[in-house]
J.: 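Here it is, the structure in full.
It should be emphasised that the depicted structure is a prediction, and the values quoted were computed from it without experimental measurement.
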Amino acid sequence: MTARRWPLPTLAALGLGLVPACLYVEKSVPITPPGWKPPPAKMLPVGSPAATDKSDFASLLPRKPGDRVAKNPPPAVADAGPRVEAATPTETRTSLDLVGPVQPAQNVVKVPDPPAEPDAPLTAAVRAFGDGHPERAVEALKGMGKGNQAFVLELLPLLDRVSKIDLDHADPQEVAVLSEQLQAAAARLEPKAALRIDRATFCRKVAGFGRYDPWPDGQAFGPADLAELYVEVRHVTSEPASGAANGEAFVTRLASTLEVRDAAGRLVEQTDPADWQKRVPAARFDRTDFSRTPVRDYFLKYRFPVPPVPGAYTVTVEVRDPAGVRKARSKPVEFRVGP
């Protein structure tokens, strides 16, 4: 066998493989100059631009050889104060628990509520009567005049009863009682109410209150006719009559005046009702009626000769109580006298 010769380059390569590629130095070499100290850290307010700077260059200075440094360190979190423990599943903390108990306001002046205004006398009387204390109702009305007190006390039972029933389905007998109570209260006002003339019309014949045969519209009277005028009057009062005969215990008195004018507005003379032989500018009548009960519906009937001269005329009636305090005047009623 012949010996194989190894090429020289091969041997050289094998020898170089045993030599290390780099040298390892065991002694540490400081990378900062001797005696160097880092500058003291400055306390910056939270939220300032310097505090939120993301640069980490200064953090590399105190590092030693062999320390690992993260390439993307997490951002620094500013100190947010003391840590708040998480609430347990069985409790719930509110914002008030975190900030502590609320302190009461200092120097707070409490304004007192204004005193309640007292009820008006009428309101107090209605409330007292409705609560079953009529004596308190009388006491509440003491500041009113006697006539006012009597009128309100007459209405209180009526108002109280009406508030407790359904008038649309009430018993007719009960409604009748209410109506009588209302009429009794209204009777207190009649002597003070102004007189009213509701109707004045010519008629052929009059049989009673609201019972008459009207004169035909547009029909003229003859020169020798006797005209009859029907007049309804409201708020006429009856007074007790002393010494009346036949049981007629009430008397009703009323005075009136009848005027006739021509088309020019001039008064036309008439016969005096007290003396048929006299002529007067206006006819005057005094009416006195006796009755067993007070009169509610009152009417007057006038008869007078029409003017002898043909033409257009008007008649007007004025009524008044005996004292002349209450009076009323009708609207002019037109009529015509033919040839």
J.: Flag the pair V315 / F202 as yes when at least one side-chain heavy-atom distance between them is below 4.5 Å, and no otherwise.
T.: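 Yes, their side chains come closer than 4.5 Å.
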J.: Side chains of V231 and F299: does their closest heavy-atom pair fall under 4.5 Å?
T.: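 Heavy-atom side-chain distance check fails, nothing below 4.5 Å.
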J.: Given the rule that I, L, V, M, F, W and Y join up when any side-chain heavy atoms are under 4.5 Å apart, are L189 and L178 in one cluster?
T.: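 Hydrophobic grouping puts L189 with L178.
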J.: Using the salt bridge (Lys or Arg N to Asp or Glu O under 4.0 Å) criterion, which residues pair with R234? Sequence neighbours excluded.
T.: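 With sequence neighbours excluded, R234 shows a salt bridge (Lys or Arg N to Asp or Glu O under 4.0 Å) to D198, given in chain and number order.
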J.: Quick one: does any side-chain atom of S238 pair with a main-chain N or O of V295 as donor and acceptor, under 3.5 Å?
T.: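 Judged by distance alone, yes, a pair lies under 3.5 Å.
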J.: Kindly say whether the aromatic ring centers of F290 and F250 come within a distance under 6.0 Å.
T.: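 No, they do not, as the ring centres are separated by 6.0 Å or more.
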J.: Could you tell me which residues satisfy side chain to side chain contact (heavy atoms under 4.5 Å, CB included) with P332, sequence neighbours excluded, listed by chain and number?
T.: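 If we apply the side chain to side chain contact (heavy atoms under 4.5 Å, CB included) test to P332, skipping adjacent residues, the hits are T314, T316.
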J.: To the nearest 0.5 Å, how far apart are OH in Y302 and CD in Q270?
T.: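 Nearest 0.5 Å value for the OH-CD distance: 11.5 Å.
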J.: State the CZ-OG1 distance between F285 and T257, to the nearest 0.5 angstrom.
T.: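 So the CZ of F285 and the OG1 of T257 are separated by 9.0 Å.
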J.: Given side chains that start at C-beta, do those of V333 and T201 come closer than 4.5 Å, heavy atoms only?
T.: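 Side-chain contact under 4.5 Å: no.
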J.: T288: what forms a side chain to side chain donor-acceptor pair (under 3.5 Å) with it, not counting sequence neighbours?
T.: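 Per chain and number, T288 pairs via side chain to side chain donor-acceptor pair (under 3.5 Å) with no residue.
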J.: Counting only heavy atoms not in K301, do more than 12 fall under 6.0 Å of its NZ?
T.: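 Yes, the 6.0 Å shell around NZ holds more than 12 heavy atoms from other groups.
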J.: Listing request: all salt bridge (charged side-chain N to carboxylate O under 4.0 Å, His left out) pairs with a residue in residues 249-264, at least two apart in sequence or in separate chains.
T.: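 Output for this query lists E259-R261, E259-R329, D262-R266.
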J.: Quick one, R284 with D286, criterion salt bridge (Lys or Arg N to Asp or Glu O under 4.0 Å). Give me CA distance, side-chain angles, the key distance, then yes/no.
T.: CA-CA 7 Å; R284 299 181 181 276; D286 290 323; over 6 Å; no
J.: Mind checking the CD1-CG spacing from I165 to L167? Nearest 0.5 Å is all I need.
T.: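 Nearest 0.5 Å value for the CD1-CG distance: 4.5 Å.
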J.: Establish whether V251 and L254 are linked, either directly or via other cluster members, by ILVMFWY side-chain heavy-atom contacts under 4.5 Å.
T.: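 Cluster IDs for V251 and L254 differ.
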J.: Kindly indicate, with the supporting measurements, whether the criterion side chain to side chain donor-acceptor pair (under 3.5 Å) is fulfilled by S256 and R320.
T.: CA-CA 6 Å; S256 59; R320 57 190 178 276; over 6 Å; no
J.: Is it the case that over 12 heavy atoms from other parts of the model lie below 6.0 angstrom from the CD atom of Q173?
T.: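 No, CD of Q173 has 12 or fewer neighbouring heavy atoms, counting only those of other groups under 6.0 Å.
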J.: Between the main-chain N or O of E269 and the side-chain N or O of R279, is there a donor-acceptor pair closer than 3.5 Å?
T.: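 It does hold such a pair.
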J.: For the residue pair V268 and Y313, establish whether any side-chain heavy-atom pair is separated by less than 4.5 Å.
T.: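 Yes - at least one pair of side-chain heavy atoms lies under 4.5 Å apart.
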J.: Could you list the donor-acceptor pairs under 3.5 angstrom formed between side-chain atoms of residues 132-142 and any protein atom two or more places apart in sequence or on another chain?
T.:
from, atom 1, to, atom 2, distance (Å)
H133, ND1, E135, OE2, 3.4
E139, OE1, K142, NZ, 3.0

J.: Just verifying a value: how many Å separate K327 NZ and I197 CD1, rounded to the nearest 0.5 Å?
T.: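 The NZ atom of K327 sits 12.0 Å away from the CD1 atom of I197.
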J.: Would a 4.5 Å heavy-atom cut-off, applied to side chains only, mark F304 and P273 as touching?
T.: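 A side-chain contact is absent here, since even the closest heavy-atom pair is not under 4.5 Å.
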J.: With sequence neighbours left out, what residues match E232 under side chain to side chain donor-acceptor pair (under 3.5 Å)?
T.: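 Y230.
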J.: So, do T123 and V126 sit near enough that their side-chain heavy atoms are less than 4.5 Å apart?
T.: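 No, their side chains stay 4.5 Å or more apart.
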J.: Can you pull the side chain to side chain donor-acceptor pair (under 3.5 Å) pairs that have at least one residue in residues 147-162, sequence neighbours excluded?
T.: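 Those involving residues 147-162 are E154-R188, D160-K164, R161-E174.
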J.: Under 4.5 Å between side-chain heavy atoms, hopping through other hydrophobics if needed: is there a path connecting V260 to V309?
T.: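 Yes, it is one cluster - the side chains of V260 and V309 are joined through contacts under 4.5 Å.
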J.: Can you sort out the partners of E190 under side chain to side chain donor-acceptor pair (under 3.5 Å), two or more places apart, ordered by chain and number?
T.: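 Testing E190 for side chain to side chain donor-acceptor pair (under 3.5 Å), a comparison that skips the adjacent residues, returns H235.
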J.: If you measure from CG on L195 to CD on E318, what distance do you get to the nearest 0.5 Å?
T.: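 L195 atom CG to E318 atom CD measures 10.0 Å (nearest 0.5 Å).
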J.: Pick from D289, T237, T252: which one makes a side chain to side chain donor-acceptor pair (under 3.5 Å) with Y298?
T.: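 Answer after filtering D289, T237, T252: D289.
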J.: If the condition is salt bridge (Lys or Arg N to Asp or Glu O under 4.0 Å), which residues does R303 pass it with, not counting sequence neighbours?
T.: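 If we apply the salt bridge (Lys or Arg N to Asp or Glu O under 4.0 Å) test to R303, skipping adjacent residues, the hits are E228.
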J.: Compile the donor-acceptor pairs under 3.5 Å between side chains in residues 205-227 and protein atoms, sequence neighbours left out, one pair per line.
T.:
from, atom 1, to, atom 2, distance (Å)
W215, NE1, Q219, O, 2.9
D225, OD2, G222, N, 2.5

J.: Name all residues meeting the side chain to side chain contact (heavy atoms under 4.5 Å, CB included) criterion together with K278; count only those two or more places apart in sequence or in a different chain, and write none if there are none.
T.: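 K278 satisfies side chain to side chain contact (heavy atoms under 4.5 Å, CB included) with D272, D275 once adjacent residues are dropped.
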J.: Could you tell me whether a side-chain N or O of S330 sits under 3.5 Å from a main-chain N or O of V317, the two making a donor and an acceptor?
T.: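 Yes, because the side chain of S330 sits within donor-acceptor range (under 3.5 Å) of the backbone of V317.
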J.: Who pairs with F151 by ring pair (Phe, Tyr, Trp, His ring centres under 6.0 Å), at least two apart in sequence or on another chain?
T.: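 Once residues adjacent in sequence are excluded, F151 has no partner under the ring pair (Phe, Tyr, Trp, His ring centres under 6.0 Å) criterion.
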J.: Roughly how far, to the nearest 0.5 Å, is CG of L122 from CG of L156?
T.: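 CG of L122 is found 7.5 Å from CG of L156.
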